[in-house]
Structure formats: C-alpha cells, structure tokens
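None of these values were measured; they are calculated from a predicted model. Chain identifiers are assigned alphabetically (A, B, ...) following the order of the sequence lines, protein sequences preceding nucleic acid strands; residue numbering begins at 1 within each chain.
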2 protein chains.
Amino acid sequence: MTTSNKSERVPSDKVNSRVERSRHTVLTTAFELLSEGGVASFTVDEVARRSGVAKTTIYRHWPTREALVMDACSRMIAEQETPDTGSLEGDVTAILVEIAHLLPTANWSFVLPSIVDTAERNPEFAEIHSRIQRGHAAPLREVLQRAVGRGELSVDADVSTIVAALLGPLFYRRWFSREPIDDQFVKAIIKRVLASL
Amino acid sequence: MTTSNKSERVPSDKVNSRVERSRHTVLTTAFELLSEGGVASFTVDEVARRSGVAKTTIYRHWPTREALVMDACSRMIAEQETPDTGSLEGDVTAILVEIAHLLPTANWSFVLPSIVDTAERNPEFAEIHSRIQRGHAAPLREVLQRAVGRGELSVDADVSTIVAALLGPLFYRRWFSREPIDDQFVKAIIKRVLASL
DNA sequence: ATTAAACGCTACGATACCGTATCGTATCAT
DNA sequence: ATGATACGATACGGTATCGTAGCGTTTAAT
C-alpha cells in the first residue's frame, strides 16, 4: 500500500466506489424525476423504485427528502463556457443563441419554475436558485466586462441592467408568454439593447 | 315579487346570497392560502379550518380540490387600466412603473411562479396562466397599437417583441435575479427599447 | 476464510390529505 | 307552521408519503 498506513481511516477508492455508485445512481434518477414533475411531486419512494436503490440506502446517504432534492437541484448549477469572438455583439449573439436553443429543450428549463416557486418561500432554495442564476448570467457578465476593457463599452455601463435587458426577454418568452424563441427574435433583442450603448 | 313568477327556478337574491356568501368566503380564503404557500401546499382542509366553512360545504360547491384551486387562481386575472398620456413613452412609463410597484408587493407576484410551474405540465393551468399573462400584457399592447395609429410607431413594428423587451427585464429581476426594481432601472429599460424604434 | 461496511427487503408507525357518508341544525320563502 | 335548501360537525375509508427498525445478504479488503 503506497498511500495509506494500516490505520487508514479515509476509505480507499474501491470502498468509495460502491458508495459513490449508489450516490450517483440515486442523484441521476432524482434529477430525472425532478425534470418531469418538479419539486412538488418529488418522492423518495419513486426515486427508490426507479433507481433500484433501496429506500433505506437512500436515507443512509441523505438525512431527509429535502436534502436529496437540494442535492439534485445543485446539478443544474453548470456554468456555460464563455465565447470570445472579438466583438461584443459577436459574443452576446453566441451566448443568447445558445440559450435560446437550450430553453425549449434542456431539462433545467422544466425544473427552474419549480425552483423559483420554492425559492419564493424557502431560503435554502433561494440560495441554490441564486447560484444557478449566477451561472446563467456569468458568461454574459464576462463578455460585457471584456468589452469595457476594450473600450467598446462605457465604464459607466450598468452591467446588471444590460444582463436583465438581454436575458429577460428570452426568459419571458419561455415561461410567461410561452411564445417560440426564434433567431430573429434573439437578434431583434440584441440589436435593440446594443444599439443604445 | 316583481321579477319572477311563482314557478321561479332561478334562485332569488336572498337564497343566492347564502350560497354566494359561502362561495365568496371560501374563495377569499383559498386565494389567501395560495398566496402564502403556492399551489403545491394548498389543501382543502386548511381552507375549511381558516374560513370556518365546513369541508362538506366546500365540496358541495367545488367537485374537487383542483377545481377550487383553479377558481382561486382565476382571481388573478384582472386587467389593468390603460393610461393615455398622449405619447408612447408616457404611456409605457406609466404602465411599467405601476407594474414595478406591484411586483414586490402584490399577492399575485407570489403565486405566479407556482402557476407557471404547474402550467408547465398541466394544460388547464396553462390556459389560466395564458389568460393572466394576456391581462398583464394587454395595456402595453394597446398603447403600442395606439402609437402605430398615431404614426409614432412603424406599422412593421413587432408588438410582441417589444412587449417581451419591456416586460421581460422586470420579470427577470423579480423572479430570477431577485434584484430590486427601482425607477431608475425601469427608465433605463424604457429608454433602451424605445430608442431603437 | 474472516470481517466490516454497505446494501436490499419487508414491514412498520405516524401523519396528512382527499373525498364521502351520516345526521342534526339553521335559514328562509311561502 | 311547514318544507326545502343549505350548512355544520363528526367520523370515516382509502391512499400516499416520510422516515425508521429489524434482519439477512452482498461486496470487498485483509
């Protein structure tokens, strides 16, 4: 044994892999279930049924239903990669077109309203939601900051406002007006917002 | 009796008033409960407890829990009044400032995410949500149409896109980024959108 | 082979909720 | 006064869910 003495208390990889296999299976199933029915209809029993992992085992890893739900929600915190086309308009277009494509299809777009709703009354979910949101806005904030650095954007520019002006209309169409989001719409929004800088 | 003969089958006002009193009490309580916990945690038992109306009576008026929830949700379908300041910018400003004031306080702003979430998987709620949404957008659409009539706005202008560009950022701040919505923000959005027409 | 950790299975207790049944009471028009 | 209609109170049956207990079985390290 090269990395541990005989009083090793940290589990070796092999031992861990069994635990991790369970954890991973459960989390994957949990997220899948979340995508389908949202936070409200999420049940531990159903996760157990689908995943094949015994309910007792699930409760050995997560102390409560809430903990599992939050863990599954955290899977949505995935920062996108930031493009670098050289121009602000190019970057913004790349980002928004990507999001516009994800909005009608990606799993997280079905779960998000549920998280927003839960976050409205639950501080812990509000924190998770906040992290997800920052993940969505991060690439946009970055390309805007870069534009400021290049002098393409005024130093006084209110980045938060611009982000809201760009993302807001897309989100609005996805969850509120429920209209389709085609490239023409995306470009119209970008044109309007960037023209006024 | 002036308005009915002796074979009157439509209940008189007095008879109705008893029924209507129950209906109204229940609906008010139901809406209040909705505001607090959303659709998910809404229970008929709790409505009965709070309103003082017996659960049996509730089920005499609504066949199922769903029906009561939807009826309570329909209370949110209230079209705002449309301002008429003479100029497009004046009208739009009046509308958005009003909404910006309502967003952090009005009851419906706490329920809406719940409805959006439910609508994601339930066609009946999607219909209710659609009506609520049209109610929110209606004044905006009207003042934009009027501006077209005055020649203040091009006939080619895509009203739906402009509505999304105006309402989207406000909604985004209320439910997604959870940032405050001050008048400065509202005016910045209006300026950006209207400047590009 | 032995042993400890992790897992599966079944069965619970507890609670909450839906929707109904039953029966007695209050209201109100006539 | 009488009868019809609506209401209240209580008690259910049925189901779903959370979280736990008990106990045997598998896995994998030594």
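OP1 or OP2 of D:dC7 sits under 4.0 Å from a side-chain N or O of B:H61. Contact annotation: A:T57 does not reach the phosphate of C:dA6 (side-chain N/O to OP1 or OP2, under 4.0 Å). Regarding contacts with the backbone of C:dA6, every side-chain N or O of A:S22 stays at 4.0 angstrom or more from both OP1 and OP2.
Side chain A:T56 to base C:dC9: a donor-acceptor pair is found below 3.5 Å. For a distance-only test at 3.5 Å, the side chain of A:K55 fails to qualify as a donor-acceptor partner of the base of C:dG8. With hydrogens and angles left out, the side chain of B:R60 and the base of C:dG19 share no donor-acceptor pair within 3.5 Å.
Listed by residue number, the members of residues 63-74 of chain A with any heavy atom below 4.0 angstrom from DNA chain C form an empty set. Within a heavy-atom distance below 4.0 Å of DNA chain C, the residues of residues 45-53 of chain A found are A:G52, A:V53.
Remark: B:R173 qualifies as a cation-pi partner of B:F185 under the 6.0 Å distance and 45° angle criteria applied to the six-membered ring.
Taking the six-membered ring where tryptophan is involved, the planes of B:F176 and A:F171 are perpendicular, since the angle between them exceeds 60° and thus also 30°.
Residues B:R141 and B:S160 have side chains that bring a donor and an acceptor to within less than 3.5 angstrom of each other.
At distances below 3.5 Å, not a single donor-acceptor pair connects side-chain atoms of A:T64 with backbone N or O atoms of A:A67. B:T57 places no side-chain N or O within donor-acceptor distance of the main-chain N or O of B:V53, the cut-off being under 3.5 Å. A donor-acceptor pair is defined here as one N or O able to donate and one able to accept, closer than 3.5 Å; no such pair exists between the side chain of A:R131 and the backbone of A:E127.
A distance of 6.0 Å or more separates the ring centres of A:W175 and B:H129.
For B:Y59, taking side-chain heavy atoms from C-beta onward, the closest of the listed nucleotides C:dG8, C:dC18, D:dC18 is C:dC18.
Across the protein-nucleic acid pair, B:I58 atom CD1 and D:dG8 atom C1' stand 12 Å apart, rounded to whole Å. Going from atom CZ of B:R21 over to atom P of D:dC7 covers 9 Å, rounded to whole Å.
Contact record, A:I190 with A:L166: CA-CD2, 4.3 Å, taken as the closest heavy-atom pair.
Using a 4.5 Å cut-off on side-chain heavy atoms (C-beta onward), B:E66 and B:F125 make contact.
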